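What follows is one structure encoded as structure tokens, with my remarks underneath.
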2 protein chains.
Amino acid sequence: MGGNSPCASCKLLRRRCTKDCTFAPYFPSDDPQKFAIVHKVFGASNVSKMLQELPVHQRADAVSSLVYEANARVRDPVYGCVGAISYLQNQVSELQMQLAVAQAEVLCIQMQHEPTVMPIQQIMDSDHKSYFLHNELHQFLNFGSSSNVIHDIENIFGHDMVS
Amino acid sequence: MGGNSPCASCKLLRRRCTKDCTFAPYFPSDDPQKFAIVHKVFGASNVSKMLQELPVHQRADAVSSLVYEANARVRDPVYGCVGAISYLQNQVSELQMQLAVAQAEVLCIQMQHEPTVMPIQQIMDSDHKSYFLHNELHQFLNFGSSSNVIHDIENIFGHDMVS
């Protein structure tokens, strides 16, 4: 950036903004709040270290996710981003249950009208692109976990979360 | 805790662990990694400030969520927790679409067999506690947003996320 127009980070930290400033590309001087919030939650030194450990082409995304996380923590100081994950995990479970019920409903009605019903595959091919095949219903009735990278929040907190 | 058995935080920071140590109740000396990871991502000073701003009964949950977030950031230095939110938001959208399709399927089959079919409400009342009413199908076909507290990740990054 150059000494005369420091980036938002160098301005807040009251230091000289050099040409190779790690923050300057992501924290322009006209948006001081963006840096202030990541500084408050993660600390400038940690953010700098995290960015320097990443290749340049991934740093903009890392900054966006850090800003998102920091905002979530300020809005919800107890649960932060984890509140959103818990909410979404519950929503996924609820939808999986509703989907299993609706698919069971389809099977149930079809069985009631078996002799006259149009073959299900025929209905699907003509009307519905993403219809689930019957054998996939079993998968939903088992309510498998969302993803192996996402830990079950309820297990971590040992109780229902308030947020 | 007392000077002779410092908590994991005071041990790492090489300072005396006093009776009123903010960290001691949540970072026992036998689990040094738990503090090391939040220190690496958020910094001891920020964690201490965050805990002190909360009432005591909420601090254990805040520590759990900070540890969860820090672990997510170490596993995925670019997206951290936000990667999980993006994954879950996509899963919710996909399930909402599949549910709308399955519910449309129910209506479609019922219309084919209208003269002889058992009224849907009767089937629902007898078999399915959480079946969606017909007018709620419209809501799903509109694919409403998950929650007003969760920002749309794709809008923040402006592209599909890799994680």
Side-chain angles (χ1 to χ4, degrees), chain A residues 40-43 45-46 50 53-54 58 61-62 64-66 68-69 73 75-85 87-89 91-92 95-99 101-106 108-110 112-113 116-118 123 127-132 146-147 149-151 153 156-157 161 163, chain B residues 40-43 45-46 50 53-54 58 61-62 64-66 68-69 73 75-85 87-89 91-92 95-99 101-106 108-110 112-113 116-118 123-124 127-128 130-132 146-147 149-151 153 156-157 161 163:
Chain A
K40 179 181 160 69
V41 174
F42 295 100
S45 161
N46 281 352
M50 287 191 249
E53 284 168 9
L54 289 173
Q58 291 190 304
D61 275 5
S64 296
S65 72
L66 288 167
Y68 184 96
E69 254 184 89
R73 178 63 56 182
R75 276 198 310 275
D76 181 351
V78 180
Y79 296 108
C81 255
V82 184
I85 292 176
Y87 176 88
L88 287 165
Q89 280 185 341
Q91 204 179 4
V92 165
L95 284 166
Q96 284 176 330
M97 194 179 68
Q98 289 169 356
L99 181 61
V101 167
Q103 290 176 331
E105 181 87 5
V106 171
C108 180
I109 298 171
Q110 282 180 329
Q112 283 185 315
H113 303 282
T116 58
V117 80
M118 185 194 294
I123 297 168
D127 291 341
H128 311 300
K129 285 181 183 166
S130 59
Y131 184 89
F132 265 61
S146 311
S147 158
V149 298
I150 301 169
H151 296 201
I153 300 288
I156 290 166
F157 290 91
M161 289 170 64
S163 70
Chain B
K40 179 182 160 70
V41 173
F42 296 98
S45 161
N46 282 351
M50 288 191 248
E53 284 168 9
L54 290 172
Q58 291 191 304
D61 276 5
S64 296
S65 72
L66 288 167
Y68 184 96
E69 253 184 88
R73 178 64 54 183
R75 277 198 309 274
D76 180 351
V78 181
Y79 297 108
C81 255
V82 184
I85 292 175
Y87 176 88
L88 287 164
Q89 279 185 342
Q91 205 180 3
V92 165
L95 284 165
Q96 283 175 331
M97 194 180 68
Q98 288 168 358
L99 181 61
V101 167
Q103 289 175 331
E105 181 87 6
V106 170
C108 179
I109 299 172
Q110 281 179 329
Q112 283 186 316
H113 303 283
T116 56
V117 79
M118 186 195 294
I123 298 167
M124 285 158 52
D127 291 342
H128 311 300
S130 60
Y131 185 89
F132 265 62
S146 312
S147 158
V149 299
I150 301 169
H151 297 200
I153 299 288
I156 289 166
F157 291 93
M161 289 168 64
S163 70

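Just so we're clear, the structure is a prediction, and the values are computed from it rather than from any experiment. Just so we're on the same page: letters track the sequence lines, and every chain starts at 1.
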Report the distance from atom [atom1] of [X] to atom [atom2] of [Y], rounding to the nearest 0.5 Å.
X	Y	atom1	atom2	result
B:Gln98	A:Gln98	CD	CD	13.0 Å
B:Gln96	A:Leu99	CD	CG	11.5 Å
B:Glu105	A:Ile109	CD	CD1	9.5 Å

Taking all non-hydrogen atoms of both residues, which atom of A:Ala102 and which atom of B:Ala102 are closest, and how far apart?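 Taking every non-hydrogen atom into account, CB-CB, 3.9 Å.
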
B:Ile85 and A:Ala84: which non-hydrogen atoms are nearest, and at how many Å?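 Where B:Ile85 meets A:Ala84 most closely, the heavy atoms are CD1-CB, 3.9 Å.
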
Residue, of B:Gly80, B:Ser45, B:Cys81, that accumulates the most heavy atom pairs under 4.5 Å with chain A: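 Highest number of pairs under 4.5 Å: B:Cys81.
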
Verdict with supporting geometry, A:Asn46 and B:Val41, side-chain contact (heavy atoms from CB on, under 4.5 Å): CA-CA 6 Å; A:Asn46 281 352; B:Val41 173; 5.7 Å; no

Go through A:Arg73 and B:Leu66 one step at a time and tell me if the side-chain contact (heavy atoms from CB on, under 4.5 Å) criterion holds. CA-CA 9 Å; A:Arg73 178 63 56 182; B:Leu66 288 167; 3.5 Å; yes

